[in-house]
Amino acid sequence: MKKLRPIKLTRKHKAGIALAIVAVCTGLALLPGVRVLFEDLEYRVMDYWFILQGPQSTAALPVWVVLIEDESVTGYGFRSPTPRSLIADTLDMLNAKGVRCIGLDYIFDRPHNPVHDRMLEAALSRSRAPVIVVDQVIERFGRLSILAFSEVKSDNRDIVRIYSLLREDPAANPSMAWAMYRACYGSDPPLAAEVDPYSLLLNFYGPPSRLSDASPTFPVVTAKELANLPAAVLQDKIVFVGSGFEDLGDTFRTAFSTAQSGFRLTFGVELHATVIGMLLDGRYLIPAKRWMLVAGMVVLFLLIALSSMFLRTWATVAIGLAVIVGWMGLSAGLFVGAGLVLPAMAPIFFAALVFVLCQSTLYFTEARYSKFLQNTFSRYVSPDIIHEMVDHGWGLDIGGESRRLTIFFTDLEGFTSFAEKLSAGDVVMILNEYLARMTDILFEVRGTIGSFIGDAIMAYFGAPAELPDHAARACRAALRMQEAMGPLNDDWRKRGFQGLRMRIGIHTGDVILGNIGSEKRTDFTIIGDSVNLAARLEGVNKYFGTWIIVSEPALSLTGGAFRTRELARIVVKGRTQPVAIHELLHAAADSPAESADGEKYRRYADGLREFYRGDIAGAERIFTENASAFDDAPSRFMMEQCRSLEGQPLPEKWGGAVELTSK
């Protein structure tokens, strides 16, 4: 089976994948079951928002709580069930103080002491204020009261969260808070459209109220103290009467049952007071609008996804933490400032899922591709180039790509005969030292090693990382490599070996670039006529007695950065088209305007001009003089070329090209 090559994602691919992941995670986050799955966590976060918000004032609410506790039942001989005669006395005192309506948070579901029952019945019959009682009540009390149900729901941590205002059955009794509002104001409470009357989310005003508190959340008084309370204090107030015994079970945990409050529980009667307060001032907890949730999650997920796809991991983590903190801040701000409940944990979970999915996508594409590049190119280019290829997407569609590059061939003069005089160990040592130094230079100038062929090196510039100045880099590398041969030769001579000279050929042209080979073995390399020509140019140095030859196409791309002299127009074996070649001398910045060899180069240029014009005799004379005066090897070669043409008619279309018949 053919092994699939790892994929490098383009920017469009990354953006598309990011959008797809955002869409999927947003859809998952909006599924009905997700709310249930994260409900407990959302409640926990909400508890922190309550603590952050702190206690809210109830001073403007006409709501009071009367607690019947231990001191109130002193002298009755029992406390459970609460003495009904005491409740009767409490009703009478409240009526005497002019309260608007009374809620009795007690269950009168069976007869008790006949005398006390008659006293409560009488108190109910003479109460001017409407009295609301729990609908689990015997007939004698129920016919004198307004019946209501009392139902709350707790979460997994037994913290009360939900209060039912109404039942699904329209004919059923309403809740105590609903009945109290209707009895006091003659109409049903005006609920906001977003409020669910069957599952009202409790918006607590503060910690549980206690008689010992200097400032309880709701004004609270005991039944025993009620007689001493001025009538004006309770005039026209809504009063709830309930149990103040902490050990009899009518207590509940709320968001404020924390260490700060001593983990105190809230009396059930105060829950009714909380709800009537919510109905009076419209202080509801309303779920954030669906469009707000969707828009917020899309922005949150997009920030995570796009940063994951286009930024480094540390930047993504920093941005992710920032946007998550921002989301938590938004959730807290909406809760405290507007009573809007924006889910916190589900969006954060799916934001983390977006991050994981994006990073996983990159791992199975980019990370594997990065490893693929390292495995493929580590033999050819420096690690810095590999990193840039990964970061910038260079060389990603290779596998038969046509590209214009500068090709570079080297060879050591006479290495074969040199090696025959040495032991195998010495040959390998010298060759390794030479190739290591040359490789370092090529990597420093960002060249790519094509192959080592014995003592020869084939390299190229401009791939896999695209380099606009590839020709100039090749010329720089050639000069530095020739310079490095000096210290190497000095070291070899000290150890008893002879020195070596290196020839270099440089050409720029179109090549086929890619992984070439079989399924079992491939090499990343270049092929084409330009590669062959560069290899021939290295050998052309032998004809001219030079050490670095660069072709006209390569030199034309260097922008005058180097001093050269044109050697000739040549036609190498296997080609029909001539190419102008130049001897690379040095960098233009490193040479004075007039050098000691200036006259030699000028005279050579004069001879070459005559040769191109077809004045072979004149060219021979100049080359001969130059060879004699300066011991110039290229002049001697051109002199011999002129002599070989003496007495022969020049072609009709003379271009001045020298045809080389051997490699």
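Count residues from 1 along the sequence. When reading the values below, keep in mind they use all heavy atoms of this one structure, side chains included, and skip hydrogens, waters and symmetry mates.
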Name the atoms and distances for all side-chain donor-acceptor pairs under 3.5 Å in residues 283-300, with sequence neighbours left out.
from : atom 1 : to   : atom 2 : distance (Å)
R283 : NH1    : N203 : O      : 2.8
R283 : NH1    : N203 : OD1    : 3.2
R283 : NH2    : N203 : OD1    : 3.3
R283 : NH2    : F204 : O      : 3.4
K289 : NZ     : E194 : OE2    : 3.1

Quiz item: Can you find a heavy atom in the side chain of L202 that is under 4.5 Å from one in the side chain of R161?
Solution: no
Quiz item: Is there side-chain contact between W49 and S331, with heavy atoms separated by less than 4.5 Å?
Solution: yes
Quiz item: Which is it for F349 and V34 under the side-chain contact (heavy atoms from CB on, under 4.5 Å) test, yes or no, and what are the steps along the way?
Solution: CA-CA 11 Å; F349 171 83; V34 170; over 6 Å; no
Quiz prompt | Exam field: side chain K153 to backbone I162, donor-acceptor pair closer than 3.5 Å | solution = no
Quiz prompt | Closest heavy-atom pair and its distance - R565, L585 | solution = N-CD1, 4.2 Å
Quiz prompt | Interatomic spacing from CD1 in I407 to CD1 in I506 - rounded to 0.5 Å | solution = 10.5 Å
Self-check item: Minimum side-chain heavy-atom gap W327-L303 below 4.5 Å
Solution: no
Quiz item: Does R253 pair with D158 as a salt bridge, N-O distance under 4.0 Å?
Solution: no
Practice problem: Please step through side-chain contact (heavy atoms from CB on, under 4.5 Å) for the pair T26 and F350, ending with a clear verdict. | Solution: CA-CA 8 Å; T26 302; F350 283 101; over 6 Å; no
Self-check item: side-chain contact (heavy atoms from CB on, under 4.5 Å) between Q359 and T313, intermediate numbers included
Solution: CA-CA 8 Å; Q359 290 296 311; T313 302; 3.7 Å; yes
Quiz prompt | Closest non-hydrogen atom pair, C358 against I21 | solution = SG-CD1, 3.8 Å
Self-check item: Spatial distance of atom CD1 (I549) from atom NE2 (H582) [nearest 0.5 Å]
Solution: 10.5 Å
Quiz prompt | salt_bridge(D411, K542) N-O dist < 4.0 Å | solution = no
Quiz item: So, for R446 and R473, which heavy atoms are closest and what is the spacing to 0.1 Å?
Solution: CD-NH1, 3.2 Å
Quiz item: For the atom pair CD1 (I324) and CG (L321), what is the distance rounded to the nearest 0.5 Å?
Solution: 6.0 Å
Quiz item: What are the two closest non-hydrogen atoms of A477 and F461, and how far apart are they?
Solution: CB-CZ, 3.7 Å
Self-check item: Residue pair V540 / V572, side-chain heavy-atom distance below 4.5 Å
Solution: yes
Quiz prompt | Distance in Å, Q56 CD paired with F50 CZ, rounded so as to fall on 0.5 Å steps | solution = 9.5 Å
Quiz item: Taking everything shown except Y48 itself, do over 12 heavy atoms lie less than 6.0 Å from its OH?
Solution: no
Quiz item: Just by modelled atom types, is the L500 backbone N or O under 3.5 Å from a matching donor or acceptor in the E413 side chain?
Solution: no
Quiz item: Do the charged groups of E444 and R480 touch, with an N to O distance under 4.0 Å?
Solution: yes
Quiz item: Could you walk me through whether I570 and V579 pass the side-chain contact (heavy atoms from CB on, under 4.5 Å) check?
Solution: CA-CA 6 Å; I570 64 170; V579 59; 4.0 Å; yes
Quiz item: Going by heavy atoms in the side chains, are I504 and F408 under 4.5 Å from each other?
Solution: yes
Quiz item: Once you round to the nearest 0.5 Å, how far does CE of M438 lie from CD1 of I449?
Solution: 10.5 Å
Practice problem: Find the distance between OG1 (T254) and CZ (F252) and round it off to the nearest 0.5 Å. | Solution: 11.5 Å
Quiz item: Taking all atoms of both residues into account, what is the closest heavy-atom pair of D455 and F415, and its distance?
Solution: OD2-CB, 3.6 Å
Quiz item: Is it true that R575 and D529 make a salt bridge, defined as a side-chain N closer than 4.0 Å to a carboxylate O?
Solution: yes
Quiz prompt | Shortest non-hydrogen separation from F301 to A351 and the atoms involved | solution = CE2-N, 3.5 Å
Quiz item: Hey, are W492 and E433 close enough side-chain-wise for a donor-acceptor pair under 3.5 Å?
Solution: yes
Quiz item: Can you find a pair of side-chain heavy atoms, one from H507 and one from V531, that are under 4.5 Å apart?
Solution: no
